[in-house]
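Just below is one structure, and these are the notes that go with it.
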Amino acid sequence: MIDCKKFRAQKLADPMCRDAAVKAHAAHCPPCAQYAVKLEQFEQKLRCAAVDACGDMPPDLCERILAQLGQPPATGSEPAPRKSWFAALLDKFGGGGTGTWFAPTMGAMAMTLVLGIAGLIAFNLSNEPSPMARSVIAHVVSEPGIFEFNEDVPASAVQAAFAQLGGRVEESLGQVRHLGVCYVEGKLAHHLLVQTPDGEASLVLLPGEALEGGVLSEKGFSATFIPLPKGSLGIITRSEREAHAVKARLERSVRVES
Amino acid sequence: MDQRGFEAMVRTYSSDLYRFAYWLSRDKHLAQDLVQEAFSAAWKAYDSLRDKEAAKSWLFSILRNEYARSFQRKRLDIQDDVELDELSVSVPAQGQERVELENLLQALPENYREPLMLQVLGGFSGREIAQMLSITEQNVMVRLTRARHALRRLVDPEQADADVDVA
């Protein structure tokens with residue numbers, strides 16, 4: 001049974017909450033039941049005010065939306081199956097022309113079987129993807145239009161965006177097809193779409209914590225991070241192999257401002 | 001491609017999206033543009049929407065991102081911790097309460113107004129709002145509590161006295 005304080009806190013956060021504990025408390029506590037009624041009345045007024053302020057949606061808006069969908073949509077790519085850590089590791093050993101900065105470490109680990117096994121475990125732990133990788137993938141999934149852009153973004157704008165997080169682009173990243181701002185984790189971040197020689201990559205310049213770690217693959221995308229002095233560079237690609245390759249490329253291209 | 005399904009989605013959610021877009025942008029014309037842009041982006045990626053049950057929150061998230069893009073704000077660290085103390089209006093005259101509420105909603109800092117509108121207009125749960133805003137559910141609940149208390153304190157101070165400590 002919840003007490004009056006918890007009841008009121010729950011109702012104030014969600015006046016229409018009708019869960020069993022809330023109902024049970026209201027049933028035996030008349031002052032709180034009265035409080036809930038008044039709060040629900042206030043909620044009705046709030047909703048009316050919120051709806052009235054917008055006015056009616058223009059009646060032709062739906063038709064305009066449907067009319068603009070003349071072109072067939074791009075076919076969504078099938079999500080890449082998530083690889084096990086072992087499969088990912090085999091990819092790294094295989095190389096495939098996508099050598100990463102981790103490669104020397106991996107080679108050393110493969111020298112002996114015993115050390116190799118221990119190394120595999122150690123690698124898997126140290127290469128744990130940042131929890132934020134899930135957030136940036138979710139962000140890209142919610143912003144499907146990003147891959148449609150084909151603008152010609154000036155290098156100075158790209159440089160300015162990296163400079164905000166203390167980074168400097170020393171070698172071309174590839175063709176930057178878009179640079180905009182988006183909300184990620186409640187903060188405004190610069191979001192780029194870059195056509196690199198290793199494939200298409202969505203980059204997020206995320207202010208705040210310097211994140212690092214391995215690659216997370218889910219929902220058809222793979223994500224990883226490069227730490228910067230004032231935040232992180234999130235790399236989101238359509239495959240794990242591309243994520244490693246683009247990361248290696250960016251680690252060569254982006255330097256920290258001194 | 002399920003064109004009919006998409007059309008049904010447009011007809012079902014466009015007015016909810018329009019209202020939410022209005023409260024993001026506080027501009028009716030921009031709100032219309034945002035809804036159009038959001039559906040355009042959604043159409044291009046409709047095949048990637050695996051769970052049709054999640055269509056509504058997916059559309060709202062797309063619209064938020066279209067808004068962020070259109071707004072093109074220069075600063076990255078915007079009003080994350082704006083407090084509600086400065087929120088004020090004159091005491092509402094009889095019959096003007098709704099207008100005052102509208103004005104107060106307009107004046108509410110964005111980090112409080114946005115989750116409130118997602119709940120009031122979108123009908124989303126705390127967990128869904130948390131996913132959309134990429135913040136914790138607890139943080140969502142705190143923002144909703146504080147936003148409502150701030151509004152009640154100004155519109156109906158007597159009732160607001162009955163609110164729990166929301167500090």
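What's counted below: heavy atoms across the whole structure, side chains too, no hydrogens, waters or symmetry copies. Below, chain A is the first sequence line, B the second, and so on; all start at residue 1. The model shown is predicted, which means the values in this text are computed figures rather than measured ones.
Here the CG-NE2 distance, from N65(B) to H191(A), works out to 8.5 Å after rounding to the nearest 0.5 Å. In this structure, the separation between CG on D14(A) and CZ on F124(B) is 13.5 Å, given to the nearest 0.5 Å. Annotation: the span from T145(B) atom OG1 to K11(A) atom NZ amounts to 12.5 Å, rounded to 0.5 Å. Here the OG atom belonging to S14(B) is positioned 11.0 Å from the CZ atom belonging to R64(A), to the nearest 0.5 angstrom. The line from NZ of K45(A) to CG of L151(B) is 12.5 Å long, rounded to the nearest 0.5 Å. To the nearest 0.5 Å, atoms CG (L46(A)) and CD (E102(B)) are separated by 10.5 Å.
At a threshold of 4.5 Å between non-hydrogen side-chain atoms, the residues Y22(B) and V51(A) do not count as touching. The side-chain heavy atoms of V35(B) and L61(A), taken from C-beta on, include a pair separated by under 4.5 Å. You'll find the side chain of Q10(A) stays beyond 4.5 Å of the side chain of M141(B), heavy atoms only. Looking at L12(A) and L144(B), their side chains never come closer than 4.5 Å, going by heavy atoms from C-beta outward. M57(A) places none of its side-chain heavy atoms less than 4.5 Å from the side chain of K28(B).
For Q44(A), the CD atom counts as loosely surrounded, since its 6.0 Å shell holds 12 or fewer non-hydrogen atoms of other residues, nucleotides or ligands. More than 12 heavy atoms of other residues, nucleotides or ligands shown are found within 6.0 angstrom of NZ on K56(B). Heavy-atom neighbours of R127(B) CZ from other residues, nucleotides or ligands within 6.0 Å: at or below the threshold of 12. By the 6.0 Å contact criterion, CD on Q138(B) is open, its count of non-hydrogen atoms from other residues, nucleotides or ligands being 12 or less.
With a 4.5 Å cut-off on non-hydrogen atoms, Q119(B) touches chain A through its side chain but not through its backbone. Proximity to chain B (any heavy atom under 4.5 Å) is restricted, for D56(A), to the backbone atoms N, CA, C and O. Contact annotation for I62(B): both backbone and side-chain heavy atoms come within less than 4.5 Å of a heavy atom of chain A.
Electrostatic pairing of R11(B) and E63(A) counts as a salt bridge here, judged by a charged N lying under 4.0 Å from a carboxylate O.
In terms of heavy-atom pairs under 4.5 Å with chain A, the best-connected choice from M132(B), R152(B), E114(B), R26(B) is R152(B). Note: W23(B) leads W23(B), W58(B), F60(B) in heavy-atom pairs under 4.5 Å with chain A.
Within residues 20-29 of chain A, no residue has a heavy atom under 4.5 Å from a heavy atom of chain B.
A distance-only check finds a donor-acceptor pair linking the side chain of R148(B) to the backbone of A13(A) [under 3.5 Å]. For Y18(B) (side chain) and C54(A) (main-chain N/O), a donor-acceptor pair under 3.5 Å exists by modelled atom type. Remark: side-chain polar atoms of Q68(A) are paired, donor with acceptor, to backbone N or O of Q36(B) under 3.5 angstrom.
Closest approach of L121(B) to R47(A), counting heavy atoms only: CA-NH1, 3.7 Å.
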Worksheet entry | Audit row: L101(B), F42(A), side-chain contact (heavy atoms from CB on, under 4.5 Å) steps and yes/no | CA-CA 10 Å; L101(B) 257 177; F42(A) 177 78; 4.2 Å; yes
